[in-house]
Amino acid sequence: MMMERIGAIDTNDDGVISDDEAADQVESVFAVMDGDDDGELTEEEYISVRMGPGRGFNEARQKAMQDRKKARFTEMDTDKSGKISKAEFLSAGKARFDAADTDKDGRVTPWEFRAQRRG
């Protein structure tokens, strides 16, 4: 499943995620989540979109995932407006990419991606 996620982001199929590919992915995710297309995400918009495979039949896991999403929403809302602007969302995405790019070469390998995703 992890390689499928990398493949979805790695649009040129070179085996790594470039900063441009990561930025494109973050912008695409924002567009999917912004249901009313107003350039901001409400908590409801952010929480309601399920990204990735699976149907979420495990209620305890679903709750834990939603709780984590709520915490991420609060972290991304840097101006504490109750909404996440596109700029805030892109900034958070850039921070995640930078954290994953451990050798700071502007690319994230599958090893770096896995390490970042696993915490």
Polar side-chain atom of D67 near backbone of A71 as donor-acceptor pair, under 3.5 Å: no
With sequence neighbours excluded, tell me which residues meet side-chain hydrogen bond (donor to acceptor under 3.5 Å, both in side chains) with D79. S81
Can you find a heavy atom in the side chain of V49 that is under 4.5 Å from one in the side chain of E45?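 Not touching, per the 4.5 Å side-chain cut-off.
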Looking at side-chain heavy atoms only, is the closest gap between K69 and R72 below 4.5 Å? yes
Nearest non-hydrogen partners of [X] and [Y], listed with the distance:
| X | Y | value |
| --- | --- | --- |
| K70 | I47 | CG-CD1, 3.5 Å |
| I9 | E21 | O-CB, 3.4 Å |
| V26 | G93 | CG2-CA, 4.0 Å |
| F97 | I17 | CE1-O, 3.6 Å |

side-chain contact (heavy atoms from CB on, under 4.5 Å) against K94, all qualifying residues, sequence neighbours excluded: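 K94 satisfies side-chain contact (heavy atoms from CB on, under 4.5 Å) with D98 only.
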Residue pairs, two or more places apart or on separate chains, that pass salt bridge (Lys or Arg N to Asp or Glu O under 4.0 Å) and touch residues 33-44: E40-K83
Decide whether F30 and V32 are clustered together by the hydrophobic rule: side chain heavy atoms of Ile, Leu, Val, Met, Phe, Trp, Tyr closer than 4.5 Å, transitively. yes
Report the relative orientation of the aromatic rings in F73 and Y46; use parallel for angles under 30°, tilted for 30 to 60°, perpendicular for over 60°. tilted
Can we say R107 and E112 salt-bridge, meaning some charged N sits less than 4.0 Å from an Asp/Glu carboxylate O?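 Salt bridge flag = no for E112 with R107.
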